[in-house]
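Okay, structure first, notes after.
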Protein chains: 2
Amino acid sequence: MYKKETELKNELEIAWKKAADVALSKSVNPTKSHKGALARTNIKKSCRRTLEKVGYHKMKIADVMQEAGMATGLFYHYFPDLRSLVLEVLLDFLSRFKGKILNKPALTKEEWYDVGYTYYFRIVKSYALYPGMMQCMKEMMWEETNFGALVRLVFIKSQEESLKKLPQEGIRGNMSNDQLRIILRALGSVGEELLIDYYITKESKISKLSISERAMAEYLTSLFYQAFFLEQPPLNKMKYAKDLKEWMKTQ
Amino acid sequence: MYKKETELKNELEIAWKKAADVALSKSVNPTKSHKGALARTNIKKSCRRTLEKVGYHKMKIADVMQEAGMATGLFYHYFPDLRSLVLEVLLDFLSRFKGKILNKPALTKEEWYDVGYTYYFRIVKSYALYPGMMQCMKEMMWEETNFGALVRLVFIKSQEESLKKLPQEGIRGNMSNDQLRIILRALGSVGEELLIDYYITKESKISKLSISERAMAEYLTSLFYQAFFLEQPPLNKMKYAKDLKEWMKTQ
DNA sequence: TACATTTTTGAATTTGAATTCAATTTCACA
DNA sequence: TGTGAAATTGAATTCAAATTCAAAAATGTA
């Protein structure tokens, strides 16, 4: 099972290039001075702030430039159009999900728990700190096919990497590659609704609960663990979601 | 656990009204003749076709009217703007998810499997037949808060309804209401990525596999079952996903 | 300090699609 | 078959936002 690391890495690089190409396809003026570089960065930062405030679909070039405190016309000195700017900002943001999760690959289920936790904690943190960016990412995934493909690949890669050394352990050990791929793809979206609900839309009863980021990550990790191994995760891993621990004890 | 049926129903009706209000807020001319009613329906049908072909964000009023074979200006005789039309079309579409899943509520885990299967099969079918509509629904959920809230509620309702009579059975029996709510919310998105991948974007290796709609529904139902009950579903339920059955036999 | 390069300005222009509208056709019913 | 109400047309208009541009300011360098 699981693609060779090099193969997956290449795939990722190609996807990254494709998505970046869209952002850079139209001739962008490279900055020609330190001042220019600062101004460009300033626009990108302003874009992030505006994204959090206004949201992608309502955001206009004028909004970004006003937030940046620069003249509207200057925008075109640095970016060809709004979408390219947003795409570039999102690609920067996406890199936070790209890095290795842990140095050591997990060899046992218990070890996997820690890797999974790191993976989910990173995601929870992103939703909590940058709900607007996460939302924009979701929206852009629909609008720009290449970007969507890239994001999916980044997450698949994290996921596969974390499970790479575990093929023999647990109940899924003797599934075929294709079966495993399907299951992982289906489990990849576990928690999405919950996170969107709790950190972005904040309408439901759940969003009224007070759940720490670490507890949230424990909830999600243990749910994935349960779904994948059909077992309870080790009790001692529940460090923040005390209520989950209590529940597990009653088994 | 689980809200009373009436309470949940009211909540749903309010959300439906809210979402519909957006679609109807701007004064819409009611049709005043049979011919008018036909024309209006024609526009809605054309909208669905155009949505499948072009997608929501690229679609223009002119596109819809051309597809309908009517003059552009006539649009305003029937709808105030494009978003209202799309919203109305989506609300019609959404009603396919609103109905009761089965007449008898599930009383045992095994019975739940059937309810769950019906639930998932309905969703799989929708993705398979109307990928454009499903995509548009997702996009609109981000754009129109009230619509998003409604869609979530519709699906939560189906889910809660299917599990209503099961509180005591299985490992989740002694979870608190809040815990259960969190878990269900998190599990609510199981399979999303897979379905989007397989029926909408069609880029990954998974989309090259040939999976029947019934097999897909079995995959998802059994995955939910495993995640929720930490058990394999009854072997005899696997009627189309033969490979899954084989795998389960090896346990 | 002079001068070429780069950055900056914001008003003027362009663009593409939404929206209006006056004129025409169709329809339903007496 | 005549009449008023409703539906239909598509060219003209409006609109909001993107885009351009000529001129001014800032910058770095010799």
Side-chain angles (χ1 to χ4, degrees), chain A residues 22-47 50-51 53-89 136 139-140 143-144, chain B residues 22-47 50-51 53-89 136 139-140 143-144:
Chain A
V22 178
L24 307 172
S25 62
K26 296 156 198 168
S27 65
V28 193
N29 316 12
T31 54
K32 292 170 184 168
S33 73
H34 181 58
K35 197 186 182 197
L38 284 180
R40 197 168 191 282
T41 313
N42 190 28
I43 294 176
K44 284 170 74 173
K45 283 185 182 168
S46 159
C47 176
T50 315
L51 231 29
K53 268 194 242 174
V54 186
Y56 176 47
H57 281 106
K58 288 185 197 151
M59 185 172 71
K60 310 295 166 211
I61 288 177
D63 297 334
V64 177
M65 295 311 279
Q66 189 177 38
E67 169 78 30
M70 297 156 105
T72 314
L74 190 51
F75 177 85
Y76 296 92
H77 199 69
Y78 296 105
F79 299 94
D81 53 29
L82 194 56
R83 161 174 299 211
S84 300
L85 167 61
V86 173
L87 218 41
E88 197 176 314
V89 166
C136 180
E139 293 175 272
M140 185 61 88
E143 260 186 63
E144 193 67 58
Chain B
V22 178
L24 307 172
S25 62
K26 295 155 198 169
S27 66
V28 193
N29 317 11
T31 54
K32 293 169 183 168
S33 73
H34 179 59
K35 198 188 181 196
L38 284 182
R40 198 168 190 284
T41 312
N42 190 27
I43 294 176
K44 285 170 72 174
K45 283 185 182 168
S46 158
C47 176
T50 316
L51 231 28
K53 269 194 243 173
V54 187
Y56 176 48
H57 280 105
K58 287 185 198 152
M59 185 171 72
K60 311 293 166 211
I61 289 177
D63 296 335
V64 177
M65 296 311 280
Q66 189 178 37
E67 169 78 29
M70 297 157 105
T72 314
L74 190 50
F75 177 86
Y76 296 91
H77 200 68
Y78 296 105
F79 299 93
D81 53 30
L82 194 57
R83 158 174 302 212
S84 301
L85 166 62
V86 173
L87 218 41
E88 196 176 316
V89 167
C136 181
E139 292 175 273
M140 186 61 89
E143 259 186 63
E144 193 67 59

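Just so you know, these numbers come straight off a predicted model, no measurement behind them. Lettering of chains follows the sequences in order, A, B, ..., and the numbering in each one begins at 1.
When rounded to the nearest whole Å, the span between NZ of A/Lys32 and P of D/dT29 equals 16 Å. In this structure, B/Met59 atom CE and C/dA18 atom C1' are separated by 14 Å, rounded to whole Å. Rounded to an integer number of Å, the gap from CE of B/Met65 to P of C/dA18 is 12 Å. C/dT9 atom P lies 12 Å from atom NE2 of A/His77, rounded to whole Å. In this entry the distance linking CZ of B/Arg83 with P of C/dT19 reads 12 Å, nearest Å. Summarising the geometry, the separation between NZ on B/Lys60 and P on C/dG16 is reported as 11 Å, rounded to the nearest angstrom. Going from atom CZ of A/Phe79 over to atom C1' of D/dA18 covers 16 Å, rounded to whole Å.
For A/Glu144, the side-chain hydrogen bond (donor to acceptor under 3.5 Å, both in side chains) partners at least two apart in sequence or on another chain are A/Arg83. Residues forming a side-chain contact (heavy atoms from CB on, under 4.5 Å) with B/Leu38 (at least two apart in sequence, or on another chain): B/His34. Take A/Tyr56 and apply the ring pair (Phe, Tyr, Trp, His ring centres under 6.0 Å) test, not counting sequence neighbours, and it matches no residue. Take B/Lys45 and apply the side-chain hydrogen bond (donor to acceptor under 3.5 Å, both in side chains) test, not counting sequence neighbours, and it matches no residue. Partners of A/Lys53 according to the side-chain hydrogen bond (donor to acceptor under 3.5 Å, both in side chains) rule, which considers only residues two or more places apart in sequence or in another chain, are A/Glu67.
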What pairs of nitrogen or oxygen atoms, one from the protein and one from nucleotides 24-30 of chain C, lie under 3.5 Å apart?
| residue | atom | partner | partner atom | Å |
| --- | --- | --- | --- | --- |
| C/dT26 | O3' | B/Lys35 | NZ | 3.4 |

Between the protein and nucleotides 19-23 of chain D, are there any N/O to N/O pairs under 3.5 Å, and if so, what are the atom names and distances?
| residue | atom | partner | partner atom | Å |
| --- | --- | --- | --- | --- |
| D/dT19 | OP2 | A/Tyr76 | OH | 3.1 |

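Under the salt bridge (charged side-chain N to carboxylate O under 4.0 Å, His left out) criterion, no residue pair touches residues 69-78 of chain B, with sequence neighbours excluded. Residue pairs meeting the salt bridge (charged side-chain N to carboxylate O under 4.0 Å, His left out) criterion with at least one partner in residues 69-79 of chain A, sequence neighbours excluded, are absent.
The C1' atoms of five pairs define one axis at each end of the helix from C/dT1-D/dA30 to C/dA30-D/dT1, and these two axes lie 10° apart (to 10°).
No hydrogens or angles considered: nothing links the side chains of A/Glu139 and B/His57 as a donor-acceptor pair under 3.5 Å.
Within the 3.5 Å criterion, the main-chain N or O of A/Asn42 finds no donor-acceptor partner in the side chain of A/Ser46.
Nearest approach of B/Phe75 to B/Met65, heavy atoms of both residues: N-CE, 3.5 Å. Here the shortest heavy-atom pairing between B/Val86 and B/Cys47 reads CG2-SG, 4.2 Å.
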